[in-house]
Participant: 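Take a look at the following structure, please.
From a predicted model like this one, the values you see are computed outputs, not experimental measurements.
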Amino acid sequence: MKKAYEVVVVGGGIVGCSIAFELAKRGWKDILLIERGHLASGATGRCGAGIRQQWGSELNATLAVESTHILEELEEYTGYKGNCGLNQAGYLLIACTEKEWAQFQLNLDVQHKLGINSFPVDLEKEVYKYVSHINTEGIYGATFCQKDGHADPFHCTFAYGYGAKQHGVEIWTYTSVHSLKAEGGKIVGVETDKGFVEAKMVINCANGWAPGLAAQVGDEIPVFPERHQALVTEPVAGMGPNGGPMPMVMSFERKFYVQQTPHGSFVMGIAEVEPVSFNIRSSWQFLEENCGVICATLPALRNLRVVRQWAGLYDMSPDRNPIIEFSKNAEGLLTVCGFSGHGFMVAPRTATLVAKALCNEPDTLDIKRFSADRYRTGELLLEPSVV
């Protein structure tokens, strides 16, 4: 087994796999990706897999739009022979206070500036065309974008992994990275359960575990792990337009999301107040609260049977936006984390941003905006529309 590489990527979720692919596609050689389980076995494989362009900040909307463009052709883009399951049934975002509805108007201005085809939906005449069973009591307004939807998080990650391997990336699964090693202010490698691996560069994409690894060389990454739970129901006939899947319905105020897959099942979750921990056990409290909150808005779902529920970790940053940090203590270390539950939908554009920066290619986005320095200077990446 080889023990020295130019680049080691830690983390086999969609962020790590997409970065490895983008670097290899640009001609970088001698790349190793290490994942402690199988690809997408962590946060990526446990996410709700939503994809939306309806954001309130221009930065997030830009990341989402450009990521969507890649996801729309991901199989061809990576050479993957499988189906990444992109389904653009749309997102219906509902505003449940006057203040929130006013913010939605500002969000639409941001989105339209970027060419996003989002629009307000009349609650009396139009909303039932998209979600026929919605209870509009307490809802002040709604917006819709057809380009929003969801995809298969496993196949999207496998696609990037496949493409990376086709470009020469070596992938070690079921391998744990215990520590990073630096000497003389430079990264020199990683210690794994299969021995030490030399590397001139390490890209740390370990989700909630990324700050702990970075701290070993003195980097302070203000990101913490937080449990988020989800469930899936039995499949039923399409409850959306023309008998197709129901679009994603999301409320920031009520803190929930729910979508119907092409298979007919409903995937849903709510934001809960959680302690900082690596706990990924499911709870009956979530099941009870989730069903109560969502069925108040979508009463037709009350009789559905739950097939299973699960939990995963969000890597939460203070302003709920990603951190892309070039280490000031160990040259050659780059930490990419803090996506706060939105890593899946913006990973494609994040990967091109990172790859272009490392290859000294021009980009319309400034990667320095994502540095953790923003928490010191106060130049936060504030986003008004998050669950």
Side-chain angles (χ1 to χ4, degrees), residues 1-24 26 28-39 41-44 161 164-165 168-225 278 313 315 317 322-339 343 350-351 354-355 357-360 367-368 370-373 375:
M1 183 177 289
K2 189 175 173 182
K3 291 295 184 179
Y5 294 84
E6 289 291 317
V7 182
V8 169
V9 179
V10 182
I14 193 168
V15 174
C17 287
S18 59
I19 290 174
F21 168 78
E22 292 292 350
L23 287 175
R26 285 167 170 77
W28 280 43
K29 306 295 183 184
D30 215 21
I31 301 173
L32 170 66
L33 183 142
I34 302 177
E35 164 55 42
R36 67 177 184 174
H38 57 76
L39 296 185
S41 60
T44 299
K165 290 175 71 174
V169 174
E170 190 170 343
I171 297 178
W172 291 2
T173 53
Y174 300 99
T175 304
S176 296
V177 173
H178 297 313
S179 61
L180 307 182
K181 186 176 181 181
E183 293 178 354
K186 294 184 178 181
I187 202 76
V188 295
V190 299
E191 188 67 47
T192 79
D193 57 1
K194 295 179 181 176
F196 183 73
V197 179
E198 294 180 25
K200 295 180 181 178
M201 171 173 280
V202 173
I203 304 177
N204 175 16
C205 305
N207 190 261
W209 288 267
L213 287 175
Q216 295 172 358
V217 299
D219 290 350
E220 294 185 11
I221 307 294
V223 165
F224 62 89
F278 288 94
L313 297 177
D315 50 341
S317 71
I323 294 173
I324 304 175
E325 182 76 356
F326 291 88
S327 175
K328 299 175 178 62
N329 299 304
E331 182 182 344
L333 173 63
L334 173 62
T335 295
V336 185
C337 65
F339 290 90
T350 301
V354 169
L358 293 176
C359 294
N360 295 313
I367 198 170
K368 294 179 181 178
F370 296 93
S371 169
D373 288 343
Y375 302 118

Participant: Tell me, yes or no, whether the heavy-atom count around K368 atom NZ, taken from other residues, nucleotides or ligands under 6.0 Å, exceeds 12.
Facilitator: no
Participant: Mind checking the OH-NE2 spacing from Y174 to H38? Nearest 0.5 Å is all I need.
Facilitator: 5.0 Å
Participant: Roughly how far, to the nearest 0.5 Å, is CD of E325 from CG of D219?
Facilitator: 6.5 Å
Participant: With a 4.5 Å limit on heavy-atom distance, are the side chains of W28 and M201 in contact?
Facilitator: yes
Participant: Which of these, V190, V197, V202, L33, sits in a side-chain contact (heavy atoms from CB on, under 4.5 Å) with Y5?
Facilitator: V197
Participant: Name the one of D30, L32, I31 that satisfies side-chain contact (heavy atoms from CB on, under 4.5 Å) with E6?
Facilitator: D30
Participant: Enumerate donor-acceptor pairs with a distance under 3.5 Å from any side-chain N or O in residues 209-216 to protein atoms, sequence neighbours excluded.
Facilitator:
| unit_1 | atom_1 | unit_2 | atom_2 | d |
| --- | --- | --- | --- | --- |
| Q216 | OE1 | L180 | N | 2.7 |
| Q216 | NE2 | H178 | O | 3.3 |

Participant: In Å and rounded to the nearest 0.5 Å, what is the CZ to CZ distance from R26 to F21?
Facilitator: 8.5 Å
Participant: Does atom NZ of K29 have more than 12 heavy-atom neighbours from other groups under 6.0 Å away?
Facilitator: no
Participant: I'd like to check the side-chain contact (heavy atoms from CB on, under 4.5 Å) partners of K186; sequence neighbours left out, ordered by chain and number.
Facilitator: E331
Participant: Take L334 and I324, measure what side-chain contact (heavy atoms from CB on, under 4.5 Å) needs, and give me the verdict at the end.
Facilitator: CA-CA 7 Å; L334 173 62; I324 304 175; 3.8 Å; yes
Participant: If the test is side-chain contact (heavy atoms from CB on, under 4.5 Å), which one of V354, I203, V169 qualifies with L23?
Facilitator: I203
